[in-house]
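What follows is a short report on a single structure.
All heavy atoms count here, side chains included; hydrogens, waters and symmetry mates do not.
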Amino acid sequence: MEDVLDDRKKRILKAIIKTYLETGEPVGSRTISKYTDLNVSSATIRNEMSDLTDLGYIIQPHTSAGRIPSDKGYRLYVDEMMQEKEEEISEIRNLMIEKTDKLEKVLKQVAKVLASNTNYAAMVSVPQYSGSRLKFIQLSRVNELQLVAVVVCEGNVIRNQIIDLDEEMDDETILKLNLLLNTNLNGLPIQDINLGMIARLKEQAGIHSGVVATVLDAVAATIQVDEEDLEIYTSGATNIFKYPELADKSRASGLISAFEEKQQLVDLVKDSMSDSENTGVQVYIGDEMPIKTMKDCSVVTATYELGNGMHGTIGIIGPKRMDYENVVDSLKTLKVELDHVFKKKT
C-alpha cells in the first residue's frame, strides 16, 4: 500500500501530522492549504485527504470534519523521518572527521606562526561547545534491554547515550517517546530546558520517565566542557627560557611541567572562556594568572569562533616585559583569520 503514496500524498500526510502534533486538534484541508510548500488547491487537498483516509493513514473522528493521523500514518512518518536523520547523522560524522583532520593541521600551524612572530610561547585550544539549540533526538533499539539515544545539536555536536531498560520496550513505545521528545525539544536552546519542562516530559512519558530523564542528561552533557576532550597545541616553549627572569632552575622546571602536562593550560583556557561577555583579547599579568607556576609570566589570550556556538582560545605566554603591542596585534590578526577560515569551511 505504501507504494501507492506519491510525493504529494506524503507531503500532505507530513503536514497533517506536524499540524496535529503542534495543536492536538483534528486538521482540516483549509489549514493544510496554508502550507506554502504544497502549492495545491484546497479541493486537491480534500481529494488527497480522502485517499489517505481510504488507505488508512489518517482517520476522521466522528465529531469533526478534520482528520487525525492513524498509527499507520505515524509509522510511515517516523520511518521516513528516522531514515532522513540516519542519513544526516552519517553525513555529519563524515564531515566532522574531515574537518577535525583539517582543524588539527590549521591549529598546529597557528601555534607555530604565533611563536615565531612573537618569539614567545604560544598555545591554541581545540574549539569547545558553549551551548546552542537542539537539532533532534533519535532513540533506537540496540538489543532487548538497551536503547541508544543519539543527541544532535547545532554545530553538529553529537552525543550517543546507551540506556539500560528494566524490561523490553516495544516499537510503538519507542516511536511515541521519539515523537514526545522531538515535538517538545527540537530547535530549543539547551539552556531553556529547565526543571519544569523536564518534570512535564517525565509525567507525559509515564512509566518510561526514567528513559526521558537519561536522554535529557545526555542533552545537558553536550554543553559541558570535558577536560579530557580539551586538547591544546603548543609551540615555542623554549623561547621563554631566553629571558633570564624565567630561566633559573626552579621557575623553568615549573614552566616545563605546565607545558608538558597541559592540565594547567586547560585551567587557563577554561578561565579565559568562562567570561562569556569578554570574547576579545584578555591579558593576565603575574599574580592575575590562574596558574601558580606562571606568576612570573604574562599571558595574552583571545577567543576565536567557528560559529554555531563553537569557541576556542589562542594565547601567548612570555615574560612580564613582553612586547604587549606586538602580541595583541598578532593575536587580533590571527583571530580574524581563524574566524574567516572556519566560517568559510562551514
Side-chain angles (χ1 to χ4, degrees), residues 99-128 225-249 251-273 279-286 288-306 310-342 344-345:
K99 281 193 174 182
T100 302
D101 187 43
K102 287 180 185 171
L103 185 67
E104 185 178 325
K105 288 175 184 164
V106 169
L107 295 182
K108 283 181 177 174
Q109 186 59 29
V110 165
K112 278 184 187 172
V113 168
L114 266 181
S116 171
N117 285 356
T118 60
N119 215 21
Y120 303 125
M123 65 169 190
V124 183
S125 76
V126 171
Q128 292 290 317
V225 174
D226 186 339
E227 290 183 10
E228 291 177 10
D229 292 342
L230 184 48
E231 195 165 357
I232 294 175
Y233 302 120
T234 58
S235 184
T238 54
N239 284 347
I240 54 180
F241 303 126
K242 295 173 184 173
Y243 303 93
E245 64 267 42
L246 300 176
D248 75 69
K249 201 169 183 179
R251 289 192 179 99
S253 64
L255 285 169
I256 288 168
S257 72
F259 276 95
E260 284 180 350
E261 293 168 19
K262 294 191 179 174
Q263 181 54 52
Q264 292 174 313
L265 296 181
V266 167
D267 293 339
L268 174 63
V269 167
K270 288 177 74 178
D271 187 83
S272 71
M273 288 177 68
T279 55
V281 173
Q282 298 181 65
V283 180
Y284 301 85
I285 300 170
E288 296 169 1
M289 284 284 294
I291 303 175
K292 287 177 184 171
T293 53
M294 292 187 176
K295 60 183 174 54
D296 295 305
C297 301
S298 280
V299 176
V300 183
T301 66
T303 302
Y304 68 90
E305 298 178 33
L306 270 70
M310 300 287 278
H311 297 88
T313 297
I314 45 179
I316 296 289
I317 301 156
K320 291 180 191 176
R321 60 188 175 96
M322 69 162 61
D323 182 347
Y324 291 99
E325 188 175 357
N326 178 38
V327 166
V328 169
D329 284 346
S330 295
L331 275 186
K332 280 186 173 174
T333 301
L334 269 175
K335 170 182 156 56
V336 169
E337 285 181 15
L338 272 177
D339 289 351
H340 177 66
V341 165
F342 289 123
K344 219 165 62 173
K345 284 183 185 174

Can you give me the closest heavy-atom contact between [X] and [Y], atom names plus distance?
X: Met322; Y: Val300; answer: SD-CG2, 3.8 Å
X: Leu246; Y: Gly318; answer: CD1-C, 4.2 Å
X: Ala122; Y: Leu114; answer: CB-CB, 3.7 Å
X: Ala247; Y: Ala252; answer: O-CB, 4.1 Å
X: Ser298; Y: Pro319; answer: CB-O, 3.9 Å
X: Ser330; Y: Asn117; answer: OG-CB, 4.5 Å

Any sub-3.5 Å donor-acceptor pair from Lys335's side-chain atoms to Thr303's backbone N or O?
->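 Confirmed, Lys335 side chain pairs with Thr303 backbone.
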So, the side chain of Gln109 versus the backbone of Val106: is there a donor-acceptor pair under 3.5 Å, distance only?
-> no
Side chain proximity check, [X] to [Y], heavy atoms < 4.5 angstrom:
X: Cys297; Y: Leu255; value: yes
X: Leu107; Y: Glu231; value: no
X: Met294; Y: Leu265; value: yes
X: Leu331; Y: Tyr304; value: no

Listed partners of Asp248 passing salt bridge (charged side-chain N to carboxylate O under 4.0 Å, His left out), at least two apart =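 Applying salt bridge (charged side-chain N to carboxylate O under 4.0 Å, His left out) to Asp248 gives Arg251.
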To the nearest 0.5 Å, how far apart are [atom1] in [X] and [atom2] in [Y]?
X: Thr118; Y: Ile317; atom1: OG1; atom2: CD1; result: 10.5 Å
X: Asn119; Y: Ile240; atom1: CG; atom2: CD1; result: 11.5 Å
X: Asp296; Y: Lys320; atom1: CG; atom2: NZ; result: 5.5 Å

Residue list, side chain to side chain contact (heavy atoms under 4.5 Å, CB included) with Asp323, at least two apart or on another chain = Tyr120, Glu325, Asn326
Mind checking side chain to side chain contact (heavy atoms under 4.5 Å, CB included) for Thr301 and listing every partner two or more places apart, or none if nothing turns up?
->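 Expected list: Met123, Ser272, Gln282, Tyr284, Val299, Thr313.
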Which residue pairs satisfy the ring pair (Phe, Tyr, Trp, His ring centres under 6.0 Å) criterion with at least one member in residues 315-338, sequence neighbours excluded?
->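 Qualifying pairs: none.
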Run the numbers on Ile232 and Thr234 for side chain to side chain contact (heavy atoms under 4.5 Å, CB included), then give the verdict.
-> CA-CA 7 Å; Ile232 294 175; Thr234 58; 4.1 Å; yes
Going by the salt bridge (charged side-chain N to carboxylate O under 4.0 Å, His left out) test, which pairs reach into residues 233-245, not counting sequence neighbours?
-> Glu245-Arg321
For Phe259, which residues count as a ring pair (Phe, Tyr, Trp, His ring centres under 6.0 Å) partner, sequence neighbours excluded?
-> none
